4 protein chains.
Amino acid sequence: MAKLQKSIDKRNALLKATIELVNNSGFHATPMSKIAKMANVSPATIYLYFENKQDLVNQTYLEVKTKYTDFVFKAYDENTSVKTGFEIIWKRIAEFNSNECEYAFFLNQCNNTPMIDEPSRKEGIKYLQPLLHLWQRGKEEGVIKPVSDYILYAYSINPLSFLIMAQKRGEFQFTKAHIDEAFLAAWDSIKL
Amino acid sequence: MAKLQKSIDKRNALLKATIELVNNSGFHATPMSKIAKMANVSPATIYLYFENKQDLVNQTYLEVKTKYTDFVFKAYDENTSVKTGFEIIWKRIAEFNSNECEYAFFLNQCNNTPMIDEPSRKEGIKYLQPLLHLWQRGKEEGVIKPVSDYILYAYSINPLSFLIMAQKRGEFQFTKAHIDEAFLAAWDSIKL
Amino acid sequence: MAKLQKSIDKRNALLKATIELVNNSGFHATPMSKIAKMANVSPATIYLYFENKQDLVNQTYLEVKTKYTDFVFKAYDENTSVKTGFEIIWKRIAEFNSNECEYAFFLNQCNNTPMIDEPSRKEGIKYLQPLLHLWQRGKEEGVIKPVSDYILYAYSINPLSFLIMAQKRGEFQFTKAHIDEAFLAAWDSIKL
Amino acid sequence: MAKLQKSIDKRNALLKATIELVNNSGFHATPMSKIAKMANVSPATIYLYFENKQDLVNQTYLEVKTKYTDFVFKAYDENTSVKTGFEIIWKRIAEFNSNECEYAFFLNQCNNTPMIDEPSRKEGIKYLQPLLHLWQRGKEEGVIKPVSDYILYAYSINPLSFLIMAQKRGEFQFTKAHIDEAFLAAWDSIKL
DNA sequence: CATGAATGAGGTTTCATTCAT
DNA sequence: AATGAATGAAACCTCATTCAT
């Protein structure tokens with residue numbers, strides 16, 4: 001057990017280091033040696049846990065994406081009105097962005113650069129299903145605008161990423177009040 | 001004259017090559033040698049026009065940002081209603097994203113990674129002034145929600161970036177109809 | 001007993017794996033980890049049986065060389081005519097090359113690259129004594145050309161190595177008929 | 001001109017260093033850094049002249065093989081008896097082995113290990129044509145044994161490689177007298 | 001002004017070997 | 001005796017930058 005635990009610890013330390021360093025410098029500007037140093041292992045050790053750098057980042061991505069989805073949809077229950085359901089999910093996403101901002105930054109980088117390879121990206125997309133189903137229901141009930149999910153996502157969910165990145169850059173302070181304003185804007189943009 | 005002209009041509013070729021290569025591979029995965037080759041120039045020549053790689057990218061960024069702003073605000077006239085003004089600006093932004101998507105991709109990369117250094121990024125921000133003024137007027141007139149400009153931007157402007165990137169990835173086709181839907185969502189999200 | 005037996009099995013598995021992998025990739029392109037894997041053993045275990053990689057290869061070489069000599073000279077009896085004696089030995093060598101080609105390839109690699117260290121190489125040379133004695137007798141009897149043993153070896157024995165390697169590369173098919181032709185060439189080259 | 005000459009010099013220095021180092025240690029035990037040092041260039045410079053290590057060795061092989069063939073067949077004239085023609089070629093090969101033994105060692109290494117890739121090996125084989133034609137004529141005239149060219153080569157040409165390698169190892173001294181003895185053995189082995 | 005050649009520094013990855021268990 | 005995990009050293013290779021021409 002001790003040995004296994006140590007291995008898991010090392011793997012986690014590597015994932016953590018990857019997230020932090022990639023957040024600050026991007027994929028290509030983050031050398032394996034730095035990741036190793038931050039995780040307190042030898043560079044060679046990384047290759048016991050991951051095939052290569054790309055694999056390390058892919059696995060980190062999928063792990064973080066899973067954390068994100070677990071967090072976002074844990075509190076969600078299908079038996080609510082569309083608006084309530086959306087509010088619950090949206091607020092969880094906002095909370096994740098605030099509380100786990102390292103994770104949020106990382107996912108953002110992944111979504112905006114050719115850092116993650118196609119298969120892992122595809123794998124990461126399926127996680128949104130519950131939200132898509134909710135929107136589907138909303139369209140059928142005439143509560144949500146009958147437009148592409150991409151547009152709904154672009155206007156109601158993605159702006160949070162922009163705001164969180166602005167906050168990271170120190171340009172913007174995301175307060176409680178802002179969250180309510182943001183939610184209103186999100187809902188207004190997609191509601192019929 | 002011939003000499004000077006030639007120089008400008010070379011500089012432009014370098015900027016163009018930078019945009020294309022960075023769009024496809026990102027900043028750190030784009031070697032100077034490739035930029036030089038694509039611009040039909042020796043690597044050493046780059047350093048006659050730019051201090052170093054960072055400077056090349058910064059200058060490219062500012063140049064593209066200028067093209068963007070020039071295009072976006074050229075048709076704008078302050079003497080319109082807030083809604084009309086916003087629509088004009090928004091549609092120009094959408095048009096730029098569609099017609100000059102190479103430029104749009106590049107600006108997006110710049111906004112989402114630690115590729116551009118802080119000074120250049122700061123420099124690039126001031127360009128939005130006319131839109132900010134319009135929003136200010138809108139807030140005073142009670143037409144626009146009285147919230148931070150960052151939130152207004154996040155919900156009404158930034159989603160276009162998300163959609164254009166989704167289109168680049170081939171996930172989404174941005175049609176004429178979509179543009180109208182998107183504008184509606186944008187306006188709904190910020191109007192009072 | 002069980003313990004000792006097990007050890008010998010492991011050692012043999014390691015020698016076998018070494019031969020196969022070195023045959024296919026050469027000494028320096030064969031990592032210890034692969035040898036261990038093929039022998040179903042931990043890399044660390046190798047070092048219980050051998051001092052280091054060089055020692056592993058040296059020991060493998062001497063072991064194979066012994067198998068070779070045992071096979072080649074087993075049927076040999078000094079009380080024959082020189083020609084008959086030579087034919088017996090030659091045919092055994094040819095048979096070894098055909099039937100135990102893995103061993104033959106390995107010996108060949110060892111003879112042609114700086115893979116084996118000098119002491120082991122020296123050790124491996126003495127095995128040929130019976131053949132050298134036969135040639136000595138042949139020279140005294142005026143049956144064999146009075147030339148250096150190196151020349152006799154180069155022309156009557158070594159060509160088999162070349163042919164067997166050509167066969168391994170798929171360039172040449174070594175049939176029964178070829179063996180007789182080859183023997184004739186061998187004998188013609190050294191007989192007076 | 002000066003520049004071009006310098007480039008050619010550098011390339012030649014690299015080929016020379018490759019030959020010497022590979023001769024002494026083998027392909028996989030010869031790091032690029034050592035080759036660079038011996039050629040008095042930076043490791044990075046190697047990659048201006050060769051794509052990678054494999055390419056460096058392949059090109060070296062082909063270059064040396066060409067030197068070999070040029071030397072061997074330069075004095076050869078088709079209008080001779082088979083025996084005389086063979087003697088001329090054989091003696092030239094022997095001379096090459098003696099005088100350019102670095103080249104000869106190198107070719108030998110190449111022929112006996114998986115160092116050279118298949119395409120280059122194939123490329124290197126065609127060089128022997130004149131000898132094969134001579135043998136063909138010899139068979140038709142009933143002067144040469146009617147056996148596979150591989151066997152003829154194995155017995156009449158390849159032994160020289162063995163002897164030259166033995167000499168390199170210091171086991172055997174290849175004198176003028178030896179050459180005549182060796183030629184006789186070679187001819188006896190293939191003549192009818 | 002323009003360049004091709006050159007390189008030092010540093011990137012990712014491999015591997016022979018060791019060590020705690 | 002046996003091992004899986006770990007690693008320092010070194011392998012191949014790339015690239016931003018410089019310099020002689």
Side-chain angles (χ1 to χ4, degrees), chain A residues 1-4 6-7 9-11 28-36 40-56, chain B residues 2-4 6-7 10-11 27-37 40-56, chain C residues 2-4 6-7 10-11 27-37 40-56, chain D residues 1-4 6-7 9-11 28-36 40-56:
Chain A
M1 188 218 82
K3 236 184 189 180
L4 183 60
K6 253 183 83 182
S7 278
D9 286 353
K10 240 163 227 180
R11 189 171 182 280
H28 282 288
T30 302
M32 295 297 259
S33 56
K34 264 196 201 164
I35 296 176
N40 273 318
V41 295
S42 157
T45 302
I46 300 181
Y47 294 86
L48 296 178
Y49 295 90
F50 307 95
E51 259 182 57
N52 49 38
K53 195 179 179 184
Q54 184 68 59
D55 182 45
L56 165 59
Chain B
K3 271 276 168 93
L4 185 61
K6 200 178 172 199
S7 286
K10 255 173 206 168
R11 188 170 183 279
F27 175 58
H28 281 286
T30 301
M32 296 293 263
S33 55
K34 261 196 201 167
I35 296 175
K37 199 165 290 170
N40 274 320
V41 149
S42 159
T45 303
I46 301 182
Y47 292 84
L48 299 176
Y49 293 89
F50 306 95
E51 258 182 61
N52 51 35
K53 195 180 179 183
Q54 185 66 59
D55 181 44
L56 165 61
Chain C
K3 271 276 168 94
L4 185 60
K6 199 180 174 197
S7 287
K10 256 174 205 168
R11 189 171 182 280
F27 175 58
H28 281 286
T30 301
M32 295 294 261
S33 56
K34 261 196 201 166
I35 296 176
K37 199 166 288 170
N40 274 319
V41 148
S42 159
T45 303
I46 300 182
Y47 292 85
L48 298 176
Y49 294 89
F50 306 94
E51 256 181 62
N52 51 35
K53 196 180 178 183
Q54 185 66 60
D55 181 46
L56 165 60
Chain D
M1 189 218 80
K3 240 186 184 176
L4 183 59
K6 255 185 80 183
S7 278
D9 286 353
K10 239 164 227 178
R11 189 171 181 279
H28 282 288
T30 301
M32 296 297 260
S33 56
K34 264 195 201 165
I35 297 176
N40 272 318
V41 296
S42 157
T45 302
I46 301 182
Y47 296 87
L48 295 179
Y49 295 90
F50 307 94
E51 258 181 58
N52 50 37
K53 195 180 179 182
Q54 184 67 58
D55 181 45
L56 166 60

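If you're wondering where the values come from, they're calculated on a predicted model, not measured in any experiment. Below, chains carry the letters A, B, ... as their sequence lines are ordered, and counting in each starts from 1.
Checking D/Gln54 against B/Gln54, the closest nucleotide of DNA chain F that is more toward the 5' end is the one next to D/Gln54. Mapped onto DNA chain E by nearest heavy atom, A/Pro31 and B/Val41 fall at different nucleotides, with B/Val41 at the one closer to the 5' end.
Per the geometry, CE belonging to A/Met32 stands 17 Å off C1' belonging to F/dG8, to the nearest Å. In this structure, the CZ atom of A/Arg11 is 13 Å from the P atom of F/dA6, given to the nearest Å. For D/Lys10 and E/dG4, the NZ to P distance is 16 Å, given to the nearest whole Å. The distance between atom CG of D/Asp9 and atom C1' of E/dA5, rounded to the nearest whole Å, is 14 Å. One interatomic measurement links the two molecules: NE2 of A/His28 to C1' of E/dG10, which rounds to 16 Å at whole-angstrom precision. Going from atom CG of B/Asn40 over to atom P of E/dT3 covers 9 Å, rounded to whole Å.
From D/Ile46, atom CD1 reaches atom NZ of D/Lys10 across 12.0 Å, with rounding to the nearest 0.5 Å. A distance of 6.0 Å separates CD1 of B/Ile35 from CE of B/Met32, quoted to the nearest 0.5 Å. Between the OG1 atom in D/Thr45 and the CG atom in D/Asn40 there is a gap of 11.0 Å [rounded to 0.5 Å]. Rounding to the nearest 0.5 Å places OH of C/Tyr49 at 14.0 Å from CG of C/Asp55.
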Begin with the C-alpha distance, continue with both residues' side-chain angles, and end with the deciding distance and a verdict on side-chain contact (heavy atoms from CB on, under 4.5 Å) for D/Leu48 and D/Val41.
CA-CA 11 Å; D/Leu48 295 179; D/Val41 296; over 6 Å; no
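Base pairing annotation: F/dT21 forms a Watson-Crick or G-U wobble pair with E/dA2, both donor-acceptor distances under 3.5 Å.
Counting all heavy atoms, side chain and backbone alike, B/Lys53 lies closest to B/His28 at NZ-CA, 4.2 Å.
Remark: A/Ala44, A/Thr45, A/Leu48, A/Tyr49 in residues 44-53 of chain A come within less than 4.0 Å of DNA chain F through at least one heavy atom.
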